[in-house]
Peer 1: 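Can you read through this structure? Questions will come right after.
Residue numbering restarts at 1 for every chain, and letters A, B, ... go by the order of the sequence lines.
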There are 2 protein chains.
Amino acid sequence: MSTRPSTERKLLDAADELLFGRGVATTTVDELLALAGVSPATLYRAYGSKDGLLVAALQRRQSRWLEVWDDAVAAATGPAEALLSVFDALATFRAQPHGARWCAFLGSAAEYADPPAPLAAALRADTEHLRSRLRDLAGPLVDGDAARAARLADALLLVVSGELAMQLREPGSRTASARAVARAVLDAELSGAPA
Amino acid sequence: MSTRPSTERKLLDAADELLFGRGVATTTVDELLALAGVSPATLYRAYGSKDGLLVAALQRRQSRWLEVWDDAVAAATGPAEALLSVFDALATFRAQPHGARWCAFLGSAAEYADPPAPLAAALRADTEHLRSRLRDLAGPLVDGDAARAARLADALLLVVSGELAMQLREPGSRTASARAVARAVLDAELSGAPA
DNA sequence: GTCTATATGCTGATAGAC
DNA sequence: GTCTATCAGCATATAGAC
């Protein structure tokens, strides 16, 4: 009794699987159409181009990621765990059906010499959301010291990005070691407070 | 009085600049030929294909990177600085003429659904060399404890990869913050020795 | 009206023939 | 070194089915 998926939905699902799972350039429009079971006219009417579909798929993916991260934060037992829960969210998100090979945003950006504006905007939004959310979560841990929170957030953003890039080097690698590195960085920030 | 560069050399230089600076898929064979000033026959005779040239360029790049890193290690003032000198090497290498947008190895791998064998091998070689070299440099800092050295090396590899991926998010970002994160990780490992 | 199926122009990459 | 055959992918047009 599932309702029939809309053609947009089918196209976005196909984009998730092919564009992010196998790469943008390597995936042809024909493959997308075949997987979605949709005719060319439908794609071009709804999204204008392959790139248009890519951007739409990134946007949907972004909101899904935020939900997963929100849940992970909500499940955390304290402020430090809330900050580190980004790694739990990463693992959860990766285990979901529409998993990307490493990171849909970084991966897409990597495939363009200089990315078209909407794509650059999507990556920037992802980066800025990560940074500001991490900063907010870091705040309570450093008594609201904005500079320290920002420094901590930048450090975690670096570790998160490293964890993603490691998926490219070694597809199976666990997020556990990234979490451990992040905790070491956190502990260092909380014990000392070096310049 | 410079000797005339060989056609192979010219092709490798062109590959460095275009394949790694702008991306593999976005660069056409014609652009490579035009920049190198050689004819198609030359490329296909010497390397067989665009991918063949790519792999050859990666191999040359790997040995150049090792030289830069060796120099940075040699210039370090002590064992801890030697371990962290990988970030100096990264900055130096990036400042050289044939700079990639972020990382030639990760970037190339990211552009293939599943990379052809020689390319996968090149990335694996890069990863393994990073890891083993970092492990060797970490050894003296942990009294030769192999497990701790390995853990430290893995952590630094993660940070290095993160620093590279951050270039994709924010092209101008400095290696300084990665170095600071790495130092925090190092300090944490050297003070406590948590499981 | 929305979608499918099919056919086609166009562009550009690859590889090889000359 | 030029030149060209082949091939693939993107985008669109047309006509018909639900």
Peer 1: May I have the distance from B/Leu33 (atom CG) to D/dT4 (atom C1'), rounded to whole angstrom?
Peer 2: 15 Å

Peer 1: Taking atom types as modelled, find out whether B/Arg169 and A/Thr127 have a side-chain donor-acceptor pair closer than 3.5 angstrom.
Peer 2: yes

Peer 1: Is the phosphate of D/dG1, meaning OP1 or OP2, less than 4.0 Å from a side-chain N or O of B/Ser39?
Peer 2: no

Peer 1: Taking atom P of D/dT14 as reference, at what distance in whole Å does atom CZ of A/Arg45 sit?
Peer 2: 18 Å

Peer 1: Mark yes or no for whether B/Ser49, through its side chain, and B/Gly52, through its backbone, hold a donor-acceptor pair below 3.5 Å.
Peer 2: yes

Peer 1: In whole angstrom, what separates A/Leu32's CG from D/dG9's P?
Peer 2: 12 Å

Peer 1: Starting from C1' on C/dT2, measure out to CG on A/Leu11 and report it in whole angstrom.
Peer 2: 14 Å

Peer 1: Name the nucleic acid region contacted by A/Thr27, choosing base, sugar-phosphate or nothing; use a 4.0 angstrom heavy-atom cut-off, strictly under.
Peer 2: sugar-phosphate

Peer 1: Between A/Lys50 and D/dA11, does any side-chain N or O lie under 4.0 Å from OP1 or OP2?
Peer 2: no

Peer 1: To the nearest Å, how far apart are B/Tyr47 OH and C/dA15 P?
Peer 2: 16 Å

Peer 1: Report which part of the nucleic acid A/Gly52 touches: base, sugar-phosphate, or nothing (heavy-atom distance under 4.0 Å, all strands).
Peer 2: nothing

Peer 1: In whole angstroms, how far is the P atom of D/dG9 from the CG atom of A/Asp51?
Peer 2: 16 Å

Peer 1: Under the salt bridge (charged side-chain N to carboxylate O under 4.0 Å, His left out) rule, what do A/Arg60 and A/Glu8 come out as? Steps first, then yes or no, please.
Peer 2: CA-CA 12 Å; A/Arg60 186 180 67 162; A/Glu8 279 86 2; over 6 Å; no

Peer 1: Output the single nucleotide from C/dT4, D/dA11, C/dA15 whose closest atom is nearest the side chain of A/Ala41.
Peer 2: C/dT4

Peer 1: With a cut-off of less than 4.0 Å, is there a side-chain N or O of A/Tyr44 near OP1 or OP2 of D/dT12?
Peer 2: no

Peer 1: Roughly, in whole Å, what's the span from CG in A/Leu43 to P in D/dT12?
Peer 2: 11 Å

Peer 1: Of the nucleotides D/dC10, C/dT4, D/dC3, which one has an atom closest to the side chain of B/Pro40?
Peer 2: D/dC3

Peer 1: Set out, in order, the CA-CA distance, both residues' side-chain angles and the distance that settles side-chain contact (heavy atoms from CB on, under 4.5 Å) for B/Arg131 and B/Glu128, then state yes or no.
Peer 2: CA-CA 5 Å; B/Arg131 198 196 307 273; B/Glu128 278 320 307; 3.4 Å; yes

Peer 1: Does a nitrogen or oxygen in the side chain of A/Thr42 sit under 4.0 Å from OP1 or OP2 of C/dT4?
Peer 2: yes

Peer 1: Does A/Thr28 have a side-chain nitrogen or oxygen under 4.0 Å from the phosphate oxygens OP1 or OP2 of D/dG9?
Peer 2: no

Peer 1: Provide, to the nearest angstrom, the distance between the CG atom belonging to B/Leu53 and the P atom belonging to C/dA15.
Peer 2: 12 Å

Peer 1: Do B/Val29 and B/Leu53 pass the side-chain contact (heavy atoms from CB on, under 4.5 Å) test, and can you show the C-alpha distance, the side-chain angles, and the key distance before you say yes or no?
Peer 2: CA-CA 10 Å; B/Val29 171; B/Leu53 174 60; over 6 Å; no

